[in-house]
Every structure is written in structure tokens, then in C-alpha cells.
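Written out below as C-alpha cells is the structure these notes cover.
Computed from heavy atoms alone, side chains included, the values below leave out hydrogens, waters and symmetry copies. Owing to the predicted nature of the structure, the values given are computational and were not obtained by experimental measurement. The first residue of the sequence shown is numbered 1, and numbering continues consecutively from there.
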Amino acid sequence: MRLLLLACLRAQTGNATTAERIQSHLHAAGHICVLKDAFRYESPTEIANLTSADKFDAALAIHLYKGGRLLQGSRIPFGIIFGGTDINEDIKCEEKRHVMGEVLGEARFAVAFTMKMKELAAAEWPDTRKKIYVQTQGIKTTPSGTFDWYRFLQNADIPTDTDYLHVFLLVCGLRRVKDPLYLVDVFSDWHRKDPSVHLGIIGPAVDPLFTNEVKEKVKRAPGIHLLQEMPQDDLHAAMKRCFAVVNSSISEGMSAAILEEFVVLSKSLMNDPIMEREIVTRAKDYVKKHHSWECERKAYQTLVLRLQ
């Protein structure tokens, strides 16, 4: 099949990464899957013209509102993949909620990354429960073999002349919903008491105004470092070398967090190597069991058959 996949394709964002991963799954099954940025289109008519001109057989969209609204009344069958903010946030707006309900009603199937996300959608639109499938996101890392950790630290103005360094990384696009400032004060206070701990915030400037707010806040917060986005392979290598990866978000639909308490547990991890090894081992087992790349691939390859 020739498939159209609509998503918000800002570089170095979760939606773009998810879209590229799904595209690779469908290519592996012999389909042609073409990514298009939902932000480039304003109406279903534009997408109808696109699907007709490019002879698409079916379509997928990530985010029930941002991508899904463009497929309303589509002449070709389509499926929907919930993004997270659609079910957690956009559903609170009456106009968006109505559109999303119409889109979900037309869709052949929908994918939720968690059971909680499915239940929230099913509670709002009970008639669609049977068409919503839960598929956790697959995780596959590709850390660069040439990544220079010490140059990374130097570029971040993190001192390298110490044997005791604990670097935490928060990876997110700079926008309010990701709430990157949530830990700044408490982390900076921790750094004043223990200079070995540092927090690096890495991500693209999605919201320019909020980015300026973050920059001003970080300037006044010792131990906090704002870094530009980097290629995924280098980012994976940095995550591998850091002490821990932190996630902070007001509304999260794609989280694979293992722990949700911060300073107390972090101090325990730093002071208890056995506990650290145990959590790392359990985390790896959890990812292997619940976020299998192959399971995700098979799931999407099976689901698109419903679009034939």
C-alpha cells in the first residue's frame, strides 16, 4: 500500500521521532509510507487533494486533533495514533473535542500508548472502545561510537576536573507543556550543597518566548545548563554517559519513566551503588518486556491491514 502519515514533524521532537519509527516499521513490511508535516496544511480539502494527486491508498495520523482533523471526510481509509496532549489537554476544549469525536468515529482503528490513555478516550467516546488498541512505544537506542563526552561537558560549562560528577539530563522541546523549569530551583539548591550534581536541559526552541524565559531563569541558577539539540545518535550517547535522565511534563503521552520521585531517590542512588545497579537492571528488563521494538513493528504492520 501507499500510505500517508500525518504528524507534527518539528525536528528533534517526540512526535517526529515516533513518526519516523512507524514509517520504518511500515517500510519493513513492503509498504510505501510518506511523512507529511500536519502544520503545513490547514484543511481536509488540502489533504484530499494531496491523497488524490499522489494516489495514496490509506492514511495514518498522529494526534487525534492536529493530524486527525485533516482526515475528516477522507475518501481513503485511515487510522489514528493518539499523541497524548490530544486526550489529556485538547479534549477539554469543546470545539476540539467535537472534532476529535467525529474523526475517531470515522477511523478504522486508533492506537493508544497506554491503557490509561485508552480508558480516557473510551470514557469520552464509548462507542469507539473496540477500535482502540493499546501498543506501548518501542525503544531502540543507537548511541554514537564517536561521541566525545568530555567535549560535551566543556561545551555545557560543566567542570571536568573532578572524579565525582553526577550529570542529569532533561531532554525536551522548550515549551510550557514540557515544564523544563519544574526542577530548576530545587536542583540549583541541591547543586549549591553538592557541586558534583548538574542538570543539563537539551532540546529545540519550540516556543521562542518561553525559550527566552528559560534562558533568563537558567542564567540565575547555578548547576543548570541549557544546551542546544543534537543529533539523535549523539543524544543517545550522552544519555548513556550521564547519571540519570529526567522527564518533566505537565501532560505526557509518550513517557517511559521508571521513577517519578526525584531528589530523595536521586541522593539514594548516588550513595548506594547496589541500589543503582538493581534499578538499572530492572529498568532494562522493564523496557525489554514492555517496549519491545519488534512487538511494536508487528503491531503496526498488522493494524494497517485494516486499511485495505
Side-chain angles (χ1 to χ4, degrees), residues 1-9 14-41 43-84 86-87 99-115 117-119 121-122 124-140 253-254 291-308:
M1 283 192 292
R2 182 174 174 80
L3 299 162
L4 169 66
L5 175 50
L6 287 169
C8 301
L9 299 179
N15 275 349
T17 300
T18 298
E20 290 167 0
R21 192 172 65 246
I22 293 171
Q23 180 188 46
S24 75
H25 294 333
L26 300 178
H27 282 175
H31 302 293
I32 296 172
C33 182
V34 180
L35 295 186
K36 292 291 184 180
D37 191 345
F39 282 133
R40 292 180 55 191
Y41 303 94
S43 70
T45 300
E46 291 179 84
I47 295 300
N49 292 337
L50 173 67
T51 58
S52 178
D54 287 5
K55 295 181 170 54
F56 285 106
D57 301 306
L60 294 167
I62 298 177
H63 200 283
L64 188 52
Y65 182 76
K66 292 176 182 176
R69 67 184 179 84
L70 297 171
L71 294 174
Q72 273 189 288
S74 176
R75 68 169 185 84
I76 58 175
F78 65 87
I80 291 293
I81 300 154
F82 298 152
D86 44 8
I87 303 302
V99 170
M100 292 193 294
E102 294 293 317
V103 172
L104 191 54
E106 292 181 39
R108 292 279 182 93
F109 64 83
V111 177
F113 296 137
T114 65
M115 182 57 73
M117 195 183 298
K118 173 179 177 173
E119 290 304 322
E124 189 65 40
W125 302 290
D127 293 343
T128 68
R129 174 181 289 274
K130 291 183 179 180
K131 69 166 67 174
I132 303 174
Y133 298 84
V134 177
Q135 177 56 49
T136 55
Q137 288 188 292
I139 294 177
K140 184 179 182 181
M254 302 186 183
H291 297 278
S292 166
W293 177 269
E294 288 302 322
C295 285
E296 184 189 55
R297 170 161 288 187
K298 290 177 182 177
Y300 282 104
Q301 291 176 350
T302 299
L303 281 171
V304 295
L305 296 179
R306 293 176 175 269
L307 301 178
Q308 289 182 332

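- Here the OG atom belonging to Ser52 is positioned 12.5 Å from the CD1 atom belonging to Ile47, to the nearest 0.5 angstrom.
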Checklist entry - Going through the distances and angles, do Leu305 and Leu303 end up as a side-chain contact (heavy atoms from CB on, under 4.5 Å)? => result CA-CA 5 Å; Leu305 296 179; Leu303 281 171; over 6 Å; no
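- The CG atom of Leu26 sits 8.0 Å away from atom CE of Met1, with the distance rounded to the nearest 0.5 Å.
- Put simply, CD1 on Ile76 and CG on Leu71 are 7.0 Å apart, with the number rounded to the nearest 0.5 Å.
- Across Met117 and Gly84, no two heavy atoms sit closer than the pair CE-CA, 4.1 Å.
- At least one donor-acceptor pair under 3.5 Å links the side chain of Arg75 to the backbone N or O of Thr51.
- In this structure, Thr302 contributes its side chain and Lys298 its backbone to a donor-acceptor pair below 3.5 Å.
- Counted by atom type alone, Arg69 and Tyr41 present zero donor-acceptor pairs between their side chains at under 3.5 Å.
- His31 is linked by a ring-ring contact (aromatic ring centres under 6.0 Å, His included) to nothing, counting only residues two or more places apart in sequence or in another chain.
- A donor-acceptor pair is defined here as one N or O able to donate and one able to accept, closer than 3.5 Å; such a pair exists between the side chain of Lys131 and the backbone of Gly105.
- Relative orientation of the Tyr300 and His25 rings is parallel, given thresholds of 30° and 60° on the angle between their planes.
- Considering all non-hydrogen atoms of both residues, Gly68 and Val103 come closest at O-CG2, 3.4 Å.
- A donor-acceptor pair under 3.5 Å is absent between the side-chain atoms of Asp54 and the main chain of Phe56, judged by distance alone.
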Sequence neighbours excluded and cut-off under 3.5 Å, please list the side-chain donor-acceptor pairs for residues 59-66, or say none.
from	atom 1	to	atom 2	distance (Å)
His63	ND1	Tyr65	N	3.2
His63	ND1	Lys66	N	3.0
His63	NE2	Thr85	OG1	3.0
His63	NE2	Asp86	N	3.4
His63	NE2	Asp90	OD2	3.4

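- Atom CD1 of Ile81 sits about 6.5 Å away from atom CZ of Phe113, to the nearest 0.5 Å.
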Next on the checklist: Assess the residue pair Leu307 and Phe109 against the criterion (side-chain contact (heavy atoms from CB on, under 4.5 Å)); give the C-alpha distance rounded to whole Å, side-chain angles, the decisive distance to 0.1 Å, and a yes or no.
Outcome noted: CA-CA 9 Å; Leu307 301 178; Phe109 64 83; 3.8 Å; yes
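- For the pair Glu106 (side chain) and Gly73 (backbone), a donor-acceptor distance under 3.5 Å is present.
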Checklist entry - Given the rule in the side-chain contact (heavy atoms from CB on, under 4.5 Å) test, do Thr114 and Thr136 qualify, once you have shown the distances and angles that lead to the verdict? => result CA-CA 6 Å; Thr114 65; Thr136 55; 5.9 Å; no
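- To the nearest 0.5 Å, atom CD of residue Gln72 and atom CE of residue Met100 are 11.5 Å apart.
- Contact detail for Trp125 and Gly101: the closest heavy-atom pair is NE1-CA, 3.3 Å.
- Across all their heavy atoms, Cys33 and Leu5 have their closest contact at SG-CB, 3.8 Å.
- Listed here is the closest heavy atom pair of Ala112 and Ile132: CB-CG2, 4.1 Å.
- Rounding to the nearest 0.5 Å places OG of Ser292 at 8.5 Å from CD of Gln135.
- Within the structure, every pair that satisfies the salt bridge (Lys or Arg N to Asp or Glu O under 4.0 Å) test and touches residues 17-31, not counting sequence neighbours, is listed here: Arg21-Glu296.
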Checklist entry - Going through the distances and angles, do Leu104 and Phe82 end up as a side-chain contact (heavy atoms from CB on, under 4.5 Å)? => result CA-CA 10 Å; Leu104 191 54; Phe82 298 152; 4.2 Å; yes
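- In this structure a side-chain-to-backbone donor-acceptor pair under 3.5 Å is present from Arg108 to Arg306.
- Judged purely by atom type and a 3.5 angstrom limit, Glu46 uses its side chain to pair as donor or acceptor with the backbone of Ser43.
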